[in-house]
Amino acid sequence: MVERRKSREVRIGNVGVGGSNPVSIQSMTNVSTSDVRAVSEQVCRLAAAGCEIVRVAAPDADAVAALPAIIDESPLPVVADIHFDYRLALAAIEAGVHALRINPGNIGSRKRAEAVARAASEKNIPIRIGVNAGSLEKPLLEKYGGPTAEAMVESALGHARIIENVGFYDIKISLKASDVPSTAEAYRLMTGKCDYPLHLGITEAGTAFTGAIKSAVGIGILLAEGIGDTIRVSLSADPVEEVRVGWEILKALELRNRGVTLISCPTCSRSTFDVVSVAAEIERRLADVIEPIKVAVMGCVVNGPGEAKLADIGVAGMKEGKAALYVEGKRVRTIGADGIADLIEDKVRRFVR
Ligand code: SF4
């Protein structure tokens with residue numbers, strides 16, 4: 001088990017981030033924040049997928065005006081994401097958000113940043129200093145010759161000092177670049193410089209496929225080194241996909257567990273049934289299961305019985321069109337290839353009940 005970097009705890013609504021809290025999963029809505037109904041519907045879908053903290057962009061006064069109703073309906077703590085206008089940050093705090101995300105590169109003068117820090121401090125609202133390589137302050141870009149890891153760290157720490165100067169320490173930091181090596185370097189550099197909890201992510205990672213891979217590699221490397229307290233996978237896709245990918249990253253590293261962990265073989269000419277469609281069908285049908293359960297779908301007797309025995313529910317191909325069903329490590333019967341997905345769904349639902 002990797003030793004996690006020790007960080008101080010901040011609380012975002014009822015979710016603890018940092019300290020001894022498990023690594024949490026967050027996402028961001030991608031509908032207009034002023035459309036309360038659309039936001040609420042999306043937040044509910046995110047919560048059902050296992051999202052624990054939700055962020056909404058607050059780009060204008062209409063969006064801020066919608067925040068009280070969104071917070072009221074949200075089953076998750078709500079973070080307001082503010083750029084450019086510190087007055088929107090003040091208004092979002094007034095509206096009752098559970099945390100703020102601001103970008104030191106664009107929130108304005110020191111005086112304005114201090115005003116936001118003071119208002120957040122009065123309401124005990126944590127602030128995430130979200131540094132992005134694409135929007136670093138000009139002096140830092142000139143000093144370091146570009147958006148280097150050192151520049152990103154200096155930007156975040158400089159802004160942290162402003163918040164600390166008003167006597168407030170409920171700070172989270174993120175240092176996101178769109179490539180894995182720079183992001184990893186920046187977070188590693190930050191670990192020795194403060195004990196604030198770190199929010200991990202690869203920004204603008206790409207589509208559901210490429211972004212999931214890039215995020216899994218980047219976030220996975222850091223988590224495997226014990227770095228990171230909360231994660232957000234950024235995808236050009238339905239944000240529910242971000243949450244699903246986030247969970248798979250945490251499950252793969254055995255940091256958290258939730259829902260079905262599917263073990264399925266890549267199939268080959270030995271397979272006695274259509275593993276590809278059965279595995280896909282099971283994953284789709286059992287996406288709503290929250291309880292941790294291991295399910296194996298294996299094509300033949302080479303690795304099938306071994307993996308099926310290690311799972312809670314498993315099938316292993318036997319001879320053409322037949323498979324053996326395993327429940328809790330025991331072979332219980334031989335089944336026909338037709339209806340394997342139905343049978344596994346039934347067994348899993350009984351098991352978790
Ligand atoms: Fe091929 Fe059997 Fe391995 Fe699946 S378990 S990949 S069918 S050898």
Side-chain angles (χ1 to χ4, degrees), residues 1-2 49-50 180 205-221 223-224 233 235 237 240-241 243-353:
M1 202 55 183
V2 180
V180 169
T207 59
F209 175 69
T210 55
I213 293 168
K214 216 193 253 188
S215 299
V217 173
I219 293 172
I221 286 172
L223 288 175
V233 173
L235 301 177
V240 166
E241 292 304 311
V243 177
R244 294 182 62 214
V245 173
W247 272 105
E248 290 307 318
I249 294 171
L250 297 185
K251 282 160 68 176
L253 288 164
E254 298 186 354
L255 288 169
R256 308 264 317 255
N257 207 352
R258 183 186 200 269
V260 174
T261 297
L262 189 62
I263 293 126
S264 62
C265 77
T267 81
C268 66
S269 65
R270 294 188 193 89
S271 184
T272 69
F273 66 96
D274 185 355
V275 172
V276 175
S277 42
V278 168
E281 185 68 12
I282 287 168
E283 190 169 76
R284 188 185 65 76
R285 288 196 203 179
L286 297 175
D288 63 308
V289 172
I290 295 168
E291 296 80 1
I293 181 166
K294 215 175 250 188
V295 176
V297 180
M298 302 291 294
C300 81
V301 290
V302 174
N303 295 318
E307 291 291 353
K309 272 185 206 161
L310 289 172
D312 296 305
I313 311 285
V315 286
M318 302 304 292
K319 53 189 181 192
E320 201 47 45
K322 299 276 182 210
L325 173 69
Y326 292 78
V327 177
E328 291 184 83
K330 291 200 179 66
R331 180 173 167 170
V332 292
R333 64 184 160 109
T334 302
I335 55 176
D338 291 344
I340 290 180
D342 291 340
L343 188 70
I344 291 185
E345 181 182 3
D346 180 59
K347 291 283 175 204
V348 168
R349 294 204 183 277
R350 281 169 192 264
F351 191 90
V352 299
R353 227 179 274 146

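Remember, it's 1-based here, ligands and their atoms both numbered in the order they're listed. What you see below is based on every heavy atom in this structure, not just the backbone, and it leaves out hydrogens, waters and symmetry mates.
- For Cys268, the nearest N, O or S atom to atom 1 (Fe) of ligand 1 falls under 2.8 Å.
- If you check which protein heavy atom lies closest to atom 4 (Fe) of ligand 1, you get Cys265 SG, 2.4 Å.
- Between Lys347 atom NZ and Glu328 atom CD the span is 10.5 Å, to the nearest 0.5 Å.
- Annotation for Asp288: atom CG counts as buried by contact number, over 12 foreign heavy atoms lying within 6.0 Å.
- Rounded to the nearest 0.5 angstrom, Leu286 CG and Glu281 CD are separated by 9.5 Å.
- A salt bridge does not link Arg244 with Glu248: every distance from a Lys NZ or Arg NE/NH1/NH2 to an Asp or Glu carboxylate oxygen is 4.0 Å or more.
- Of the protein's non-hydrogen atoms, Asn303 ND2, 3.9 Å is the one closest to atom 3 (Fe) of ligand 1.
- In the displayed structure, Arg270 atom CZ is contacted under 6.0 Å by at most 12 heavy atoms of other residues, nucleotides or ligands.
- Remark: ligand 1 atoms within the under-4.0 Å shell around heavy atoms of Arg270 are 8 (S).
- Summary of contacts: the protein heavy atom closest to atom 2 (Fe) of ligand 1 is Cys300 SG, 2.3 Å.
- Counting atoms of ligand 1 from 1 in the listed order, those under 4.0 Å from a heavy atom of Ser271 are 7 (S).
- If you number the atoms of ligand 1 from 1 as listed, the ones under 4.0 Å from a heavy atom of Val302 come out as 8 (S).
- Using a 4.0 Å cut-off between heavy atoms, Val301 makes no contact with ligand 1 at all.
- A donor-acceptor pair is defined here as one N or O able to donate and one able to accept, closer than 3.5 Å; such a pair exists between the side chain of Thr272 and the backbone of Lys322.
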